[in-house]
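Structure record follows, encoded as structure tokens.
Computed over heavy atoms, backbone and side chain alike; hydrogens, waters and symmetry mates excluded. As the structure is a prediction and not an experimental result, all values here were calculated from the model. We number each residue from 1, following the sequence as shown.
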Amino acid sequence: MLSVAVIAFSFLPLTLFLFSLMGQQFFLAELLNNFRCQIMFLLLPFVFFFLLLRQWWLGLLFSIAAAWSMTGIAWVYFPSAQPTAGTDTLKVMTFNVYFGNPTPELAISRILEHDPDIVAIVEYSNHLPEALESLNEKYPYRVLEPRWHGFGIAIFSRLPLSDTKIHYLAPAEIDCPMIETHVEIEGQSVRVVGLHVASPTNSARLQLRNQQLRQVAGILNQKNEPTIIMGDFNCTPWSSFLVDFLDQAGLRDSRQGFGYQATWHRDLGIFKIPIDHAFVSPEIHVHDRFVAEPAGSDHLPVVFEISVTPKKQE
């Protein structure tokens with residue numbers, strides 16, 4: 001017979017898992033849900049433990065919880081159906097460089113190392129325009145929205161940018177800009193969006209983040225066109241709020257087929273979570289995607305390569 005202490009200890013990860021499913025109701029549950037992958041690895045040893053002891057009902061219970069916790073994690077390791085690839089590819093990077101970064105030269109070196117055609121700089125603070133000036137020659141087309149706080153943003157591009165708009169995410173007083181611009185690939189206009197939504201450090205900010213996600217989906221839905229949207233979304237792919245956002249905006253995760261790819265915090269080791277994202281519309285073919293090495297920020301850069309499905313000849 002199993003002791004009460006053993007059963008009580010085993011139910012700790014199960015309780016954490018069950019509570020993490022209540023993110024729609026509780027702020028702390030949504031935060032805990034970010035660590036679904038880690039909770040899964042806490043559950044798995046108990047699956048084998050109970051099955052080894054022939055405690056079938058406990059083994060089944062923990063197996064169901066572990067399998068459920070794997071939802072939204074394991075699927076990204078399997079390739080998905082993609083649209084027809086275009087001839088010309090575009091290499092893109094999104095990098096939250098940390099607004100108080102004391103060593104921006106490390107960010108510059110990482111950008112130059114991976115040599116993207118377009119790079120979105122998240123947390124583009126007031127001291128960075130001068131610090132990143134060495135990028136200007138390589139990226140002659142730029143949209144710069146520096147801020148004193150952590151919600152400044154910029155897009156640097158080798159390709160000409162057109163029809164650029166700056167949207168301000170709600171509420172207006174927090175001064176949170178989102179860049180929407182366009183590049184041309186194989187004669188097609190592709191919308192490129194860079195953003196940084198609110199971090200859910202408390203219940204009110206969680207509601208604010210979710211309000212911003214709904215606002216962004218509404219903006220994207222105003223026009224149907226090939227789209228890349230990237231930046232710091234401050235939630236993981238299995239958050240029900242992010243799932244709703246992708247459904248509302250008609251986007252898919254560029255991680256599909258390329259794995260877990262955690263980006264924050266760089267020093268958390270196995271506890272890192274993926275909160276920096278690149279989402280694409282159905283016309284976009286993703287050729288490659290990876291997380292780059294650390295470069296002076298608490299976030300890791302995301303690099304991906306895409307092309308656009310050729311238009312059908314009429």
Side-chain angles (χ1 to χ4, degrees), residues 11-44 62 64-76 94 96 98 122-123 149-151 169-171 174 176 178 195-220 229-249 251-256 260-279 291 298-300 302:
F11 270 74
L12 175 60
L14 184 63
T15 302
L16 291 175
F17 164 67
L18 292 174
F19 182 62
S20 74
L21 300 179
M22 302 179 186
Q24 292 278 355
Q25 290 77 36
F26 302 105
F27 157 66
L28 289 177
E30 171 67 4
L31 292 188
L32 182 62
N33 186 50
N34 289 320
F35 298 93
R36 179 180 289 188
C37 182
Q38 291 76 12
I39 293 173
M40 177 188 70
F41 283 109
L42 289 176
L43 289 165
L44 284 174
F62 277 78
I64 293 171
W68 195 340
S69 66
M70 200 178 295
T71 304
I73 299 171
W75 67 270
V76 294
T94 176
N96 183 328
Y98 174 55
V122 182
E123 297 200 14
H149 48 69
F151 291 95
L169 302 185
I174 69 170
C176 183
M178 179 182 84
L195 81 168
H196 183 192
V197 300
S199 52
T201 52
N202 55 47
S203 182
R205 285 178 64 89
L206 173 65
Q207 298 304 317
L208 173 59
R209 184 204 68 186
N210 298 336
Q211 177 187 356
Q212 291 177 340
L213 289 176
R214 291 190 296 270
Q215 179 186 359
V216 173
I219 292 170
L220 297 182
I229 181 169
M230 54 188 162
D232 184 349
F233 284 76
N234 273 311
C235 55
T236 51
W238 41 89
S239 165
S240 61
F241 300 106
L242 193 57
V243 171
D244 289 345
F245 166 75
L246 293 179
D247 287 342
Q248 292 163 11
L251 302 171
R252 77 175 192 279
D253 195 339
S254 64
R255 295 163 66 245
Q256 180 67 51
Y260 187 65
Q261 302 205 359
T263 60
W264 182 88
H265 184 285
R266 71 171 188 181
D267 296 328
L268 281 179
I270 62 172
F271 293 99
K272 287 199 298 290
I273 56 176
I275 63 172
D276 300 273
H277 301 294
F279 302 126
V291 170
D298 53 340
H299 290 248
L300 302 180
V302 174

Between atom CZ of Phe151 and atom NE2 of His196, what is the distance when rounded to the nearest 0.5 Å?
-> 4.5 Å

Does the ring center of Phe11 lie less than 6.0 Å from the ring center of Phe17?
-> no

His277 versus Thr94, closest heavy-atom pair with distance = O-CG2, 4.1 Å

Thr201 OG1 to Leu31 CG distance, which is reported to the nearest 0.5 Å | 8.5 Å

Pairwise salt bridge (Lys or Arg N to Asp or Glu O under 4.0 Å) hits with a residue in residues 199-208, at least two apart | none

Which side-chain N or O atoms in residues 237-247 pair as donor and acceptor under 3.5 Å with protein atoms at least two apart or in another chain?
from: Trp238; atom 1: NE1; to: Asn33; atom 2: O; distance (Å): 2.7
from: Trp238; atom 1: NE1; to: Thr236; atom 2: OG1; distance (Å): 3.2
from: Ser239; atom 1: OG; to: Glu30; atom 2: OE2; distance (Å): 2.7
from: Ser239; atom 1: OG; to: Phe241; atom 2: N; distance (Å): 3.2
from: Ser240; atom 1: OG; to: Gln24; atom 2: NE2; distance (Å): 2.9

Taking it one step at a time, do Met178 and Ile219 satisfy side chain to side chain contact (heavy atoms under 4.5 Å, CB included)?
-> CA-CA 11 Å; Met178 179 182 84; Ile219 292 170; 3.9 Å; yes

Quick one: does Trp68's side chain get under 4.5 Å of Leu21's, heavy atoms only?
-> yes

Spacing of Thr263 atom OG1 and Ile273 atom CD1 [to the nearest 0.5 Å] = 7.5 Å

Would a distance-only check, ignoring hydrogens and angles, find a side-chain to backbone donor-acceptor pair under 3.5 Å from Ser254 to Ala278?
-> yes

In Å and rounded to the nearest 0.5 Å, what is the SG to CG distance from Cys37 to Leu42?
-> 10.0 Å

State, to 0.1 Å, how close Asp232 and Ile275 come at their nearest heavy-atom pair, and which atoms those are.
-> OD1-O, 3.6 Å

State whether the side chain of Asn234 and the backbone N or O of Val197 hold a donor-acceptor pair below 3.5 Å, judged by distance alone.
-> yes

